[in-house]
2 protein chains.
Amino acid sequence: MTAQQDIHSSGIPVLCLSCEGRHRGPCGALDPDHLVGLAKTASRHKVEPGVKLVGEAETVDSYSNVLSGVVKLTKTLSDGRQQIVGLQFAPDFLGRPFKMDSPINAEAATVVSLCSFPKAAVVRMMKDAPEFERRLFKQALVELDAAREWMVTVGRKTASEKVASFLLMIARSIDRTVDPAAKSACFDLPLTRGDIADFLALRFETVSRQLTRLRADGIIRIENNRHVTVDSMSGLERRCGG
Amino acid sequence: MTAQQDIHSSGIPVLCLSCEGRHRGPCGALDPDHLVGLAKTASRHKVEPGVKLVGEAETVDSYSNVLSGVVKLTKTLSDGRQQIVGLQFAPDFLGRPFKMDSPINAEAATVVSLCSFPKAAVVRMMKDAPEFERRLFKQALVELDAAREWMVTVGRKTASEKVASFLLMIARSIDRTVDPAAKSACFDLPLTRGDIADFLALRFETVSRQLTRLRADGIIRIENNRHVTVDSMSGLERRCGG
DNA sequence: AGCCCGCCATGATCCAGGTCAAGGCTGGCG
DNA sequence: CGCCAGCCTTGACCTGGATCATGGCGGGCT
């Protein structure tokens, strides 16, 4: 950080100083005055895996930034069939602007830390800081691109291609600093086999079998069911099905 | 239209007066001055089914409003497998703000009429008229909701439920004035069997068989392969699978 | 007219992934 | 410690939808 930026940061609330939501997220659009106003209404939480954050068709009165961990967005049919329709990582903004109720469920997939704001404070910020609204707009478009990308995967790829595509996506999302052209990667799966199945529209047995196959073929190693080492990124890419 | 509105409309370009893009679309956010500026750069087209409007990964230098007809948004894997990831009806805005190139293909599914603008004109309008940008934001969120809704359908429903859900969606999209609680409906399918298959992640033979089944069960009638009459909306809803 | 081409329907067969079943591993808790 | 619950793996078998094949229908072109 340069001296110039240091001076500018003098008015920034302590809470926000090293916050992901400001560093790369929507709050980065706000000047110190706005941040002070918003920070007064903000509250931080840490929630355990499995905790429901927002219910489908539920009225929502707060929005949040994801500061760490992974949130899964799901939809469920009346007979229990479930589909994960999106994943959110830090510093994504969690919530549906311009609507009273959420069209989806949001649930912590891992330990998640959040910075929550009353809905009204966010609405005001969107009015007062056009660049803030614009960041939310941009995130919505990125999520739309991602949702459409996954429609192709869910609709048209084979089980083997789906699992490879998922691993590649996670490898690239978990640590965005990693060289995208790296030969290998290493990360903790944020989802159980069952969750991965709900994301890819498979059964957990099928996910398990495909992971076993990737392991047998020397593409990946798995420790403790969760920790994955990708030994051959190129091998993984070749299995994603164009 | 009241006298008051009549007076206000006096400065509106003739082209825009009865335009769907202004009536219910993004241009409704613009005042006469803005409309005049935008209309100077606008051009209207009519294109035949099958005409490619935007290519995947192609640089785009114009945006459009859909004034009539249906546009399909597709993604294709390198080996030709295709998925329709969205449909656009009047008065949807066609184009990806904040990006040089489109992440998807857009193709006319029916005869489509468009009102196109140079990209720069739209970018300027987003700066000058915050309410215009907000409308585009809202449309993006509606498209995101729709994409997620279809992820559930594509991923978790059976072939029979998929086709029923598709017919219901079309019945409700084609004529938005129709009573959503109506007992029956009547419309032209904007897509071929093959297109419907690409939308639902099925094969066209499967779509054909499911339509035959709905016909045999007295839920729908089909004339000329395209014109559908839904005799039992409730029967169709019951087959959508929650 | 006669031909071709795109679209659709339907039957026969196949197979990827779903379903059912059995067992292992790990961590929390009485 | 022993028990239980959640998660994972693997095997055996089944089935919904894909694939392959055949033919009909309608509209445009020569």
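Remark: A/Lys183 does not engage A/Asp231 in a salt bridge, criterion side-chain N to carboxylate O under 4.0 Å. In summary, B/Arg96 and B/Asp101 do not engage in a salt bridge, as defined by a charged side-chain N under 4.0 Å from a carboxylate O. Look at A/Glu143 and B/Arg148 and you find a salt bridge, because one of the NZ, NE, NH1 or NH2 atoms lies within 4.0 Å of a carboxylate O, short of that distance.
Using a 4.0 Å heavy-atom criterion, one finds that A/Arg215 contacts the sugar-phosphate atoms exclusively.
The distance from atom CD1 of B/Ile222 to atom P of D/dG26 is 15 Å, rounded to the nearest whole Å. What separates CZ of B/Phe204 from P of D/dT22 is a distance of 14 Å, to the nearest Å. Going from atom CG of A/Asn225 over to atom P of D/dT10 covers 11 Å, rounded to whole Å. Following rounding to the nearest Å, A/Leu191 (CG) and D/dC8 (C1') show an atom-to-atom distance of 15 Å. The NZ atom of A/Lys162 sits 14 Å away from the P atom of C/dA16 (whole-angstrom rounding). When rounded to the nearest whole Å, the span between CZ of A/Arg226 and P of D/dC7 equals 9 Å. Taking atom CG on A/Leu211 and atom C1' on D/dT9, their separation rounds to 11 Å, with Å as the unit.
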Per-nucleotide protein contact string for nucleotides 23-28 of chain C, where B marks a base within reach and S marks sugar-phosphate only (heavy atoms under 4.0 Å, - for neither): ------
Grab the N/O contacts between the protein and nucleotides 16-18 of chain D below 3.5 Å, and write none if there aren't any.
residue, atom, partner, partner atom, Å
D/dG17, OP1, B/Ala159, N, 2.9
D/dA18, OP2, B/Arg203, N, 3.4
D/dA18, OP2, B/Thr206, OG1, 2.4

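Closest approach to the A/Thr192 side chain among D/dC7, C/dT10, D/dT9 is made by D/dC7 (side chain taken as heavy atoms from C-beta onward). Which of D/dC8, C/dC8, C/dT10 sits closest to the side chain of B/Arg193 comes down to C/dC8.
For the residue pair A/Thr76 and A/Arg81, no side-chain donor N or O sits within less than 3.5 Å of a side-chain acceptor on the partner.
By the salt bridge (Lys or Arg N to Asp or Glu O under 4.0 Å) test, A/Glu237 pairs with A/Arg172, sequence neighbours left out.
Considering every non-hydrogen atom in both A/Phe199 and A/Val154, the closest pair reads O-CG2, 3.6 Å.
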